[in-house]
Amino acid sequence: MIYYEREAHMLLGWMLALTGRPEDGIAHIDKAIRLSPQDPAMGYFLHSIAVAHFAAGRYEEAVVWAQRSLQRNPKFYVAHGTLASSHAHLGQLDQARLAFQEMLRRNPEFSPESFKMAHSIADSAFIESWLDGLRKAGWEG
């Protein structure tokens, strides 16, 4: 039962973060983490918090949480993208470029279309801000 409750809180938190309610999203993601503190998917949970902070324009916090996510799951290319975009919005272009290069190394097939499709519920402002950060990091797409 806890598994399903954890999943429900995680997914609801993710959706709230992407649709303009990052604080509510963080509350649900925190609940999912408390329900399953040793969850093998913890890297994704932590990235969801990074996304919520990013959506709220708190790029410094997004950097911290994206780094935490990557400590748990260094292969998660989207977390590298969130890290890159956050650094770029902070004007930390060297770090942004490094994170962006790592994102492309992990997923050379990345495209804005695939990102938009995977985040189809997200506010357009979130999508554009995330992709704009990648452009600042050196992406020419």
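Heavy atoms only: backbone and side chains are in, while hydrogens, waters and symmetry mates are out.
Note that CG of Asp123 is 11.5 Å distant from OG of Ser129, once rounded to the nearest 0.5 Å. To the nearest 0.5 Å, atoms CZ (Arg97) and CG (Leu93) are separated by 5.0 Å. Put simply, OG on Ser85 and CZ on Phe100 are 10.5 Å apart, with the number rounded to the nearest 0.5 Å. Annotation: the span from Asp39 atom CG to Met10 atom CE amounts to 9.5 Å, rounded to 0.5 Å.
By the ring pair (Phe, Tyr, Trp, His ring centres under 6.0 Å) test, Phe45 pairs with no residue at all, sequence neighbours left out. Residues satisfying the side chain to side chain contact (heavy atoms under 4.5 Å, CB included) criterion with Ser111, sequence neighbours excluded, are Glu113, Ser114. In this structure, the side chain to side chain contact (heavy atoms under 4.5 Å, CB included) partners of His9, at least two apart in sequence or on a different chain, are Glu5, His28, Lys31, Ala32, Leu35. Under the side chain to side chain donor-acceptor pair (under 3.5 Å) criterion, Gln38 pairs with no residue, sequence neighbours left out. Annotation: side chain to side chain donor-acceptor pair (under 3.5 Å) contacts of Arg105 (sequence neighbours excluded): Glu102. The side chain to side chain donor-acceptor pair (under 3.5 Å) search around His80 returns none, not counting sequence neighbours. In terms of the side chain to side chain donor-acceptor pair (under 3.5 Å) criterion, residue partners of Asp24 (sequence neighbours excluded) are, by chain and number, Arg21. Ala55 pairs by the side chain to side chain contact (heavy atoms under 4.5 Å, CB included) definition with Phe126, not counting sequence neighbours. Residues meeting the ring pair (Phe, Tyr, Trp, His ring centres under 6.0 Å) test with Tyr44, sequence neighbours left out: Phe76. Residues satisfying the side chain to side chain contact (heavy atoms under 4.5 Å, CB included) test with Ile127, not counting sequence neighbours, are Phe115, Lys116, His119, Ala122, Leu131.
Few gaps surround CE on Met42; more than 12 heavy atoms of other groups in view lie less than 6.0 Å from it.
In the hydrophobic cluster analysis, where Ile, Leu, Val, Met, Phe, Trp and Tyr join through side-chain heavy atoms closer than 4.5 angstrom, Val51 is grouped together with Tyr77. The hydrophobic clustering, which links ILVMFWY residues whose side-chain heavy atoms are closer than 4.5 Å, places Ile26 and Leu16 apart. Using a 4.5 Å cut-off between side-chain heavy atoms of Ile, Leu, Val, Met, Phe, Trp and Tyr, with links allowed through other members, Leu90 and Trp139 fall into the same hydrophobic cluster. Follow the hydrophobic side-chain contacts under 4.5 Å out from Leu18 and you never reach Met117; the two are in separate clusters.
Grouped with Leu11 in a hydrophobic cluster is no other residue, since no side-chain heavy-atom contact under 4.5 Å to another Ile, Leu, Val, Met, Phe, Trp or Tyr is found.
Here the side chain of Ser86 pairs a donor or acceptor atom with the backbone of Thr82 at under 3.5 angstrom.
Counting only residues at least two apart or in different chains, salt bridge (charged side-chain N to carboxylate O under 4.0 Å, His left out) contacts with residues 51-69 comprise Glu23-Arg58.
The aromatic rings of Tyr59 and His89 sit parallel, their planes meeting at an angle under 30°, below the 60° perpendicular limit.
Across every non-hydrogen atom of Ala96 and Ala88, the tightest pair is CB-N, 3.6 Å. Contact detail for Met15 and Thr19: the closest heavy-atom pair is O-OG1, 2.7 Å. The shortest non-hydrogen separation linking Arg6 to Ser36 is CG-CB, 3.8 Å. The two atoms that bring Ala79 and Leu70 nearest to each other are CB-CD2, 3.6 Å, heavy atoms only.
Within the 4.5 Å cutoff, the side chain of Val63 has heavy atoms near those of the Leu83 side chain.
Among Gln92, Gln95, Lys136, the one residue that satisfies the side chain to side chain donor-acceptor pair (under 3.5 Å) test with His87 is Gln92.
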